[in-house]
Protein chains: 2
Amino acid sequence: MTTTRRPTRQQSAVIDALGSTQDFTSAQDLHAQLRESGEKVGLATVYRTLSTLADSGDVDVLRTGEGEAVYRKCSTGHHHHLLCRVCGRTVEVEGPTVERWTDAVAAEHGFTDVAHTLEIVGTCSSCH
Amino acid sequence: MTTTRRPTRQQSAVIDALGSTQDFTSAQDLHAQLRESGEKVGLATVYRTLSTLADSGDVDVLRTGEGEAVYRKCSTGHHHHLLCRVCGRTVEVEGPTVERWTDAVAAEHGFTDVAHTLEIVGTCSSCH
DNA sequence: CAGGAGATTGATAATGATTGTCAAAACATG
DNA sequence: CATGTTTTGACAATCATTATCAATCTCCTG
Ligand SMILES: [Zn+2]
Ligand SMILES: [Zn+2]
Ligand SMILES: [Zn+2]
Ligand SMILES: [Zn+2]
């Protein structure tokens, strides 16, 4: 919401494209989709917009096994992802258990200002 | 059948270099270290060796924020890492709590063959 | 020991995602 | 409209990683 950035047609197009899918999508794929749907948006702008959105926490970003950055528009708030390795379907999950555990184990070793990343990958019931 | 290993001087050098540090190290850095210490090992071989070791589970691999792959020789068995964002010190952590939680939440959504990745980053007591 | 099949190496080229450049276009304001 | 600011986008540059492929090394057999 609070954007220091000036809203433009291109940025809206990127955000809409992101919102049109439940899957994590790469900047390259988003750019291809935009071109295909007739939207004229430069690749650099796609990268810039996604990077800004990720920094502000408005989209989640994670790295594919090959190191490619993929983005997804998620619900607000801290959560994690359950990802199907076959079809790419994503489920957001959360809970205090893992949050408490990471905080406890970090404190136990004298670490402060802790953050964590957690991703779960499996095969969903439809793809089993 | 396709898994044929042949021990070589170069692979030993890479493994020794990995074992000489507690930090996660990139292939590029390892290659530079090897050259500096007089070992003649090609960059491609460093990448190949690390990739093989990671596939067999003999080393842990994770991605830096910039997407660079970093490797570390760890104790055997499933565990996670507590990483200092300042000095890079790494502590291996484990525990049944997070394992149970991920399995439970995956089963709850009908996912099978689940695996997970979890990394904790913070500032260690020495760097506070 | 010699020879050959097959595995390994490494210099180099190729790939591919991401970032940098910077002039042109879009925008705001007065 | 004039002017300063922000954003865009085509293109070049970067940089980690992978593909090539001839040369080299290992192991096995006779
Ligand atoms: Zn699925
Ligand atoms: Zn969490
Ligand atoms: Zn530290
Ligand atoms: Zn675990």
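In what follows, chains are A, B, ... by sequence order, proteins preceding strands, each numbered from 1. Everything numeric here is computed off the predicted structure, so don't read it as measured data. All values below come from the heavy atoms of this structure, side chains included, with hydrogens, waters and symmetry mates left out.
- Straight-line distance from the NZ atom of A:K40 to the P atom of D:dA10: 11 Å, rounded to whole Å.
- As rounded to whole Å, 11 Å separates atom C1' of C:dG10 from atom CZ of B:R35.
- Atom C1' of nucleotide D:dT18 and atom CG of B:D55 are separated by 14 Å, given to the nearest angstrom.
- Here the nucleotide nearest the side chain of B:R63, chosen from C:dG10, C:dT18, D:dT17, is D:dT17.
- The separation between B:D29 atom CG and D:dT17 atom P is 10 Å, rounded to whole Å.
- Residue B:V41 places its side chain closer to C:dG10 than to any other of C:dG10, D:dT17, D:dT8.
- In this entry the distance linking NE2 of A:H31 with C1' of D:dC11 reads 13 Å, nearest Å.
- Remark: C1' of C:dT21 and CG of A:L43 are 15 Å apart, rounded to the nearest angstrom.
- With sequence neighbours excluded, no residue forms a side-chain hydrogen bond (donor to acceptor under 3.5 Å, both in side chains) with A:Q33.
- In summary, the aromatic rings of B:H116 and B:H80 are positioned with their centroids under 6.0 Å apart.
- In this structure, B:R72 pairs ionically with B:E92, as a charged nitrogen and a carboxylate oxygen lie closer than 4.0 Å.
- Listed pair A:T8 / C:dC27 fails the phosphate criterion, with no side-chain N or O lying under 4.0 Å from OP1 or OP2.
- Between B:Y71 atom OH and D:dT17 atom C1' there is a gap of 9 Å when expressed in whole angstrom units.
- Taking atom CD of B:E68 as the reference point, atom P of D:dT18 lies 12 Å away to the nearest angstrom.
- Contacts of A:Q10 with the nucleic acid, taken as non-hydrogen atoms under 4.0 Å apart, involve only primed sugar atoms and P, OP1 or OP2.
- For A:S37 (side chain) and A:L34 (main-chain N/O), a donor-acceptor pair under 3.5 Å exists by modelled atom type.
- Of the candidates D:dT7, C:dT8, D:dA10, the closest approach to any side-chain atom of B:Q11 belongs to C:dT8.
- Toward the 5' end of DNA chain D, the nearer of the two residues B:R9 and B:R48, judged by each one's closest nucleotide, is B:R48.
- Residues A:Y47 and A:L30 fail the side-chain proximity criterion, which asks for heavy atoms closer than 4.5 Å.
- Contact annotation: A:Y47 side-chain N/O to C:dT19 OP1/OP2 distance is not under 4.0 Å.
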